[in-house]
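Read the structure below first, then the notes.
Since this is a predicted model, take the numbers as computed values, not measurements.
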Amino acid sequence: MFTGIITDIGTISSTEQRGDLRLVIDCGYDMESVAIGASIACSGACLTVVEKGADWFAVDMSAETVARTAPGLWRQGGKLNLERALKVGDELGGHIVTGHVDGVGILVSATPEGDSIRLVIRAPAELAPSLAAKGSITVDGISLTVNSVEDQPDGSTHFGLNIIPHTAAATTLETLPEGRAFNLEIDVLARYLDRMQSLRDRSM
């Protein structure tokens, strides 16, 4: 489990296509305190440390994980939002995050708003029922609050976020090219409510 509070920005120093995709990620963590087999959220995807050095760790990504996450994210030189797994007694500063990506969002616009940046992101139709104003969403591993939701004719949803300067500086949200893709994870409560509703509809 994670909280969506980013604690480091990693850089993919190498990629290698084996049976799975092997990534080596440079980071600022004290890797002496990270065990082989530990989980680290990498831009919202929970990945397992399979090898490590003083200032790097390696993970293996299955074809399924690559296919279900933001295209172009797992490239050499790419920047990743990192968060180590939550420990008992840690402060829950964001919201409960599982590290399981539910879908890919696409940046519609990024507009200055005071000192902040207002983002509008398109979420696919299957996630639309799980997004609500003042609810929580995880975007590339970052716990954020949804400010607005606008349903679109094609079933997708445009949701708005405000990114304060600290969040932009501490994450990969400093660079926001048009059409950028994001890993999205809906709030875990919304996931269970969706499941309950689908079973209720099926029984009627």
Side-chain angles (χ1 to χ4, degrees), residues 1-10 41-46 67-75 78-83 86 91-198:
M1 292 297 231
F2 306 92
T3 69
I5 303 300
I6 304 306
T7 52
D8 192 20
I9 297 178
C42 299
S43 286
C46 177
R68 289 186 172 272
T69 52
L73 182 63
W74 315 112
R75 68 188 190 285
K79 301 292 185 181
L80 302 174
N81 295 317
L82 302 181
E83 181 188 356
L86 184 65
E91 178 181 353
L92 184 60
H95 70 281
I96 294 295
V97 174
T98 65
H100 300 152
V101 177
D102 294 302
V104 174
I106 302 297
L107 181 63
V108 175
S109 63
T111 308
E113 193 170 89
D115 291 329
S116 300
I117 301 171
R118 179 168 179 78
L119 302 187
V120 176
I121 297 173
R122 177 189 179 276
E126 58 268 25
L127 299 190
S130 303
L131 294 169
K134 306 309 176 187
S136 296
I137 183 78
T138 307
V139 177
D140 273 1
I142 309 162
S143 173
L144 297 167
T145 299
V146 176
N147 286 339
S148 63
V149 174
E150 295 181 8
D151 294 324
Q152 303 299 304
D154 64 356
S156 67
T157 292
H158 289 185
F159 65 94
L161 308 163
N162 274 80
I163 308 301
I164 64 172
H166 170 79
T167 300
T171 67
T172 60
L173 293 182
E174 277 195 310
T175 55
L176 295 164
E178 183 178 353
R180 174 174 166 177
F182 300 97
N183 291 329
L184 303 180
E185 180 184 333
I186 61 174
D187 184 79
V188 66
L189 294 177
R191 185 179 291 137
Y192 285 116
L193 287 171
D194 282 350
R195 173 65 174 161
M196 291 166 63
Q197 185 63 49
S198 68

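- The two residues V146 and A132 make their nearest non-hydrogen contact at CB-O, 3.5 Å.
- Using a 4.5 Å cut-off on side-chain heavy atoms (C-beta onward), L144 and F159 make no contact.
- Applying the 6.0 Å contact sphere to CZ of R68 captures no more than 12 heavy atoms from other residues, nucleotides or ligands.
- Taking the side chain as every heavy atom from C-beta outward, I121 and H158 never approach each other to under 4.5 Å.
- In terms of heavy-atom proximity, P165 sits nearest to D115 at CG-O, 3.3 Å.
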Is there a side-chain hydrogen bond (donor to acceptor under 3.5 Å, both in side chains) between N147 and N162? Walk through the geometry before answering. CA-CA 7 Å; N147 286 339; N162 274 80; 2.8 Å; yes

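- S143 OG to D187 CG: the interatomic distance, rounded to the nearest 0.5 Å, is 9.0 Å.
- Here the shortest heavy-atom pairing between W74 and C42 reads CH2-O, 3.4 Å.
- Within the 3.5 Å criterion, the main-chain N or O of D140 finds a donor-acceptor partner in the side chain of N81.
- No option in T3, T145, T138 other than T138 meets the side-chain hydrogen bond (donor to acceptor under 3.5 Å, both in side chains) test with H95.
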Working note: L161 + I137, criterion side chain to side chain contact (heavy atoms under 4.5 Å, CB included); need CA distance, chi angles, decisive distance, verdict. CA-CA 10 Å; L161 308 163; I137 183 78; 3.9 Å; yes

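- The structure places CD1 of I96 at 10.5 Å from CD of E185, a figure rounded to the nearest 0.5 Å.
- When all heavy atoms of V104 and A70 are compared, the pair lying nearest together is CG2-N, 3.8 Å.
- Take D8 and apply the side-chain contact (heavy atoms from CB on, under 4.5 Å) test, not counting sequence neighbours, and it matches C27, Y29, L82.
- Checking side-chain atoms of N183 against main-chain N and O of G44 turns up no donor-acceptor pair under 3.5 Å.
- Across A133 and V149, no two heavy atoms sit closer than the pair N-CG2, 3.8 Å.
- Between atom CZ of residue R180 and atom OG1 of residue T172 there is a gap of 4.5 Å, rounded to the nearest 0.5 Å.
- Residue L119 holds its CG atom at 6.0 Å from CZ of F182, rounded to the nearest 0.5 Å.
- Nearest approach of A170 to I6, heavy atoms of both residues: O-CG2, 3.8 Å.
- The closest donor-acceptor contact from the side chain of T171 to the backbone of T167 lies under 3.5 Å.
- Inter-residue side-chain proximity for R118 and S148 is flagged as met; some heavy-atom pair is nearer than 4.5 Å.
- Separation of atoms CG (L80) and CD1 (I9) is listed at 9.5 Å; rounding is to 0.5 Å.
- Every residue two or more places apart in sequence or in another chain that forms a side-chain contact (heavy atoms from CB on, under 4.5 Å) with S156 is listed here: R122, Q152, D154.
- The CD atom of E178 sits 11.0 Å away from atom CD1 of I106, with the distance rounded to the nearest 0.5 Å.
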